[in-house]
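Here's the structure, in structure tokens; my notes come after.
A note on names: the letters A, B, ... follow the listed sequences, proteins ahead of strands, and every chain is numbered from 1.
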Amino acid sequence: MKYYLTVPIYYVNAAPHIGHFYTTMAADVLKRFKIMQGYDVVLTTGSDEHGQNVERAARLLGKTPEEYATLISQEFRETWQKTGLLVDRFMRTSDPQHHAKVRWLFERCRENGYIEKGSYTGQYCFNCELYVNEAQAGDPCPDCGRTTETVTEENYFFKLSAFQDRLLRLYEEQPQFIQPEIRRNEVISFVRQGLRDLSITRTSIKWGIPVPVEGHHVFYVWFDALITYMSAVEGSDLWPADLHLIGKEIVRFHAVYWPAFLMAAGLPLPKQIFAHGWLLFDGMKMSKTRGNIVRATPIQQAMGIDALRYYLLREVPFGADGNFTYEALVSRYNADLANGLGNLVSRTLSMIQQYRQGIIPGAGQEPSCEPVAAKAREVLASYPASMEAFEFSRALESVWQLLATADKFIVTQAPWTLAKNPEASSKLEATLYTAAEVVRLVTALLYPILPHSAAKIWSQLGMTTPIDQVRLGDLAWGGLPPGQKIGKPEGVFPRLDPKATVARLLDLEEAERERQDALVGKKLVAKTPAAAPEGGDRGAGMREGVAPIAPEITIDDFAKVDLRVARVLDAQPVAGADKLLQLQVDLGEAQPRTIVAGIALAYKPEQLVGRKVVIVANLAPRKLRGLVSQGMIVAASLEGGQPVLAGFLEDVPVGARLK
RNA sequence: GCCGGUGUAGCUCAGGUGGUUAGAGCGGCGGUCUCAUAAUCCGCAGGUCGUAGGUUCGAGUCCUACCGCCGGCACCA
């Protein structure tokens, strides 16, 4: 039976980091688990290479988009290989086979009447390659906060609006289609609010897949990217996918757009979409500008990749956001892997070596061993159920309960005492067998999560069948063959010094970051700044994370803007809006003005009263939440759109004009 | 503002359909064995289960309101 699962294709705008690893590793775990259940599993990923950001990043490096994309794409592929993830197919969006598939799907949707040509005039964010329907001229992009540009384009539109009912029915009839539940609820409420048709082509971009017949149109990144899930397995009967494993930030594309595209083309839908949460670093979102991104490979160097796999799946309930810290990583490693699993293996094998010359004894009939067997049977049943439900954390917990049971058992039996008494020989043997059998079962169960360490333990136990050929259905208590000679015991998880290891991890991370920076050119590690629409390469001169300078204007243009010093007389929250404050400001006019500003998240009303601010005094009035705003307050816009009000170091009179 | 989620020991979290003294792991403290990776094992930690009401013989466990945090939507410089 086939099982086809995917992780996203990753955008070549950034080098691989732990976030990419998290998703892909989880898929690798599921793959190995499904294989143990007897499925023929295929796992795909790839690289998302099109779009203006890539075009620009390449130009800055003096490379063609193809060359640049190849470089990063290669980096991803090498990362998966280095970290031992079993990716079967890696599809690049620049692959001709993929191009053909995208055009084919487009044509099918069009033949079925779900695509038509239309024109759009409105705001466009060049950075996100996104149309912002509600925005007005000069408004910022809702995603990145950068200023949108007014554009007019003739584009192809996908009739997403036609699929509202069908999508809702899908979510209704197949509750498992989007998981976890919280994401499902979000998607449903989003679709219930009504769907707008979706522009799926762009004329402002060259680096993309050309639309059939139309030389100057290319496909919108998401129409392009999602289809890799099909093109990656072209020529096989793997479609539809059994699972798309994704991060929660791209739920909408997968749970709304993608099924709609497929419905339009009359194709089968994926069986399930599972969105996991984010990895935070010390409670903060990882971001390139903060410089707090963590990579997987340095951790692999310091403590082995299995340690990271274990930590991520044990510490963070899959689906929820979780926190990553180096301290917790090392602490988990020592407590669970070294003291727990590693030590049980070590003491068990060592006793078999000392007391029975490395030969696994017979199980015998010993009532005191029965509770251990019972616990093992229990875990044998609960573990797969947890894995099926994406509850990795719970699955691991149950295995560790069995480990604890075994440790307790050994102490109770005290084999070292039994060994001194020849009459206790059969009890000793039963004890050793029971311990070894726990090790065997635990190792097999843990193989999907700790593949490399499990393989080592497996061979130390003297098992002859390769561990990747073990099937869950064959696992049962008592399956360890007596008489088997164990291999050489070697520490699988040597204990680590917490402080020294964290320091080492930080050093290795630093080195890896430098290597990646060198690879792509330092400036490009940051999300590439938005381009000025006509002003050429103004983005090129900006430092990391800094938006590019807008197109040139004349002094006359500037003179049109009347900036004034004003004093805030009063500030009130606006009912029904999180971000708005209603301000009364004195510009030196006869009457105070009302200004509605979206700064409520950054400033409390009482912080503002009495403060001098800068106002755009001649901006056309605009209605916001029913209130007329007579002007705009000037603020620096930080990452995430957070505003910081402009002010003066010296005292300035109200009404003064800024020139 | 609407919708969803969440708030339980220092930390990470369990606690279907309400019922004896609220649990686990980690960390911390004390003790123990010696097969083992200064590991294991045993004991201890006395937490108003966010707050305030309510339903009930009885509520982390159901209801209402409020507060905090997270997310989606609306909205936005």
Side-chain angles (χ1 to χ4, degrees), chain A residues 132 134-136 138-142 145 147 180-194 248-249 251-252 277-278 280 283 314-317 319-323 325 327-328 331-332 334-355 393-394 396-397 400-401 403-404 406-419 428 431-432 435 489-496 498 573-581 595-603 616 622 624-625 629 632-638 641-645:
Chain A
V132 189
E134 321 78 22
Q136 305 196 0
D139 278 358
C141 169
T147 307
E181 207 59 27
I182 179 169
R183 305 274 93 91
R184 177 168 180 265
N185 294 342
E186 277 171 19
V187 168
I188 290 175
S189 80
F190 174 77
V191 174
R192 278 208 182 119
Q193 287 183 19
K248 67 179 186 183
E249 70 282 3
V251 165
R252 190 182 305 169
W278 283 342
L280 307 174
R314 177 64 187 83
E315 184 85 359
V316 181
D321 288 355
N323 202 18
T325 67
E327 288 76 13
S331 157
R332 276 278 178 205
N334 277 335
D336 296 357
L337 295 176
N339 298 353
L341 177 60
N343 185 57
L344 178 69
V345 172
S346 171
R347 67 195 307 204
T348 300
L349 295 179
S350 161
M351 286 189 287
I352 291 172
Q353 191 65 51
Q354 286 178 50
Y355 303 143
S393 182
R394 204 171 276 234
L396 285 168
E397 221 177 308
W400 256 257
Q401 277 179 23
L403 292 176
D407 268 329
K408 214 162 291 185
F409 167 77
I410 291 172
V411 169
T412 312
Q413 301 285 96
W416 44 92
T417 308
L418 299 175
L428 171 63
T431 300
L432 296 180
E490 258 176 75
V492 183
F493 301 108
R495 223 185 132 73
L496 297 171
V574 174
D578 286 348
K579 299 185 180 177
L580 296 182
L581 288 183
I595 289 188
V596 181
I599 55 174
L601 295 181
Y603 293 94
V616 181
R622 182 175 171 190
L624 299 169
R625 293 302 295 192
S629 180
M632 186 175 107
I633 195 160
V634 175
S637 184
L638 272 46
Q642 192 200 357
V644 177
L645 292 180

- Message: For A/Glu181, give me all partners under salt bridge (charged side-chain N to carboxylate O under 4.0 Å, His left out), at least two apart in sequence or on another chain.
- Response: A/Arg184
- Query: Can you list the residues that meet the side-chain contact (heavy atoms from CB on, under 4.5 Å) rule with A/Met351, with sequence neighbours excluded?
  - Reply: A/Tyr355, A/Ile410, A/Pro415, A/Trp416, A/Leu432
- Calculate the interatomic distance between A/Arg184 atom CZ and B/C3 atom P; express it in whole Å. 18 Å
- Item | By side-chain contact (heavy atoms from CB on, under 4.5 Å) - contacts of A/Ala404 (at least two apart) | none
- Note on the structure: Taken in chain and number order and not counting sequence neighbours, the residues that satisfy side-chain contact (heavy atoms from CB on, under 4.5 Å) with A/Glu490 are A/Gln460, A/Lys488
- With sequence neighbours left out, what residues match A/Trp400 under ring pair (Phe, Tyr, Trp, His ring centres under 6.0 Å)? A/Tyr310
- With a 4.0 Å cut-off on heavy atoms, is A/Leu580 in touch with a base, just the backbone sugar-phosphate, or nothing at all? sugar-phosphate
- Task: For B/A9 versus B/C49, give the span between their P atoms, rounded off to a whole number of Å.
- Result: 10 Å
Can you name the atoms? Protein N/O to nucleotides 5-11 of chain B N/O, anything below 3.5 Å, with the distance.
none

- Could you tell me which residues satisfy side-chain contact (heavy atoms from CB on, under 4.5 Å) with A/Asp321, sequence neighbours excluded, listed by chain and number? A/Lys248, A/Trp278
- Hits for side-chain hydrogen bond (donor to acceptor under 3.5 Å, both in side chains) against A/Ser346, two or more places apart or cross-chain, chain-then-number order -> none
- Message: List the residues meeting salt bridge (charged side-chain N to carboxylate O under 4.0 Å, His left out) with A/Arg495, not counting sequence neighbours, and say none if there are none.
- Response: none
- Is a salt bridge present between A/Glu397 and A/Arg394, judged by a nitrogen-to-oxygen distance below 4.0 Å? no
- Enumerate, in order of first residue number, the stems that involve RNA chain B, defined as 3 or more consecutive Watson-Crick or G-U wobble pairs with both distances under 3.5 Å. B:1-7 with B:67-73, B:10-13 with B:23-26, B:28-31 with B:41-44, B:50-54 with B:62-66
- Message: For a quick check, with a 4.0 angstrom heavy-atom cut-off, what is the B/S/- contact string for nucleotides 25-37 of chain B, read 5' to 3'?
- Response: -S------SSBBB
- Item | side-chain hydrogen bond (donor to acceptor under 3.5 Å, both in side chains) involving A/Glu327 - partner list, sequence neighbours excluded | none
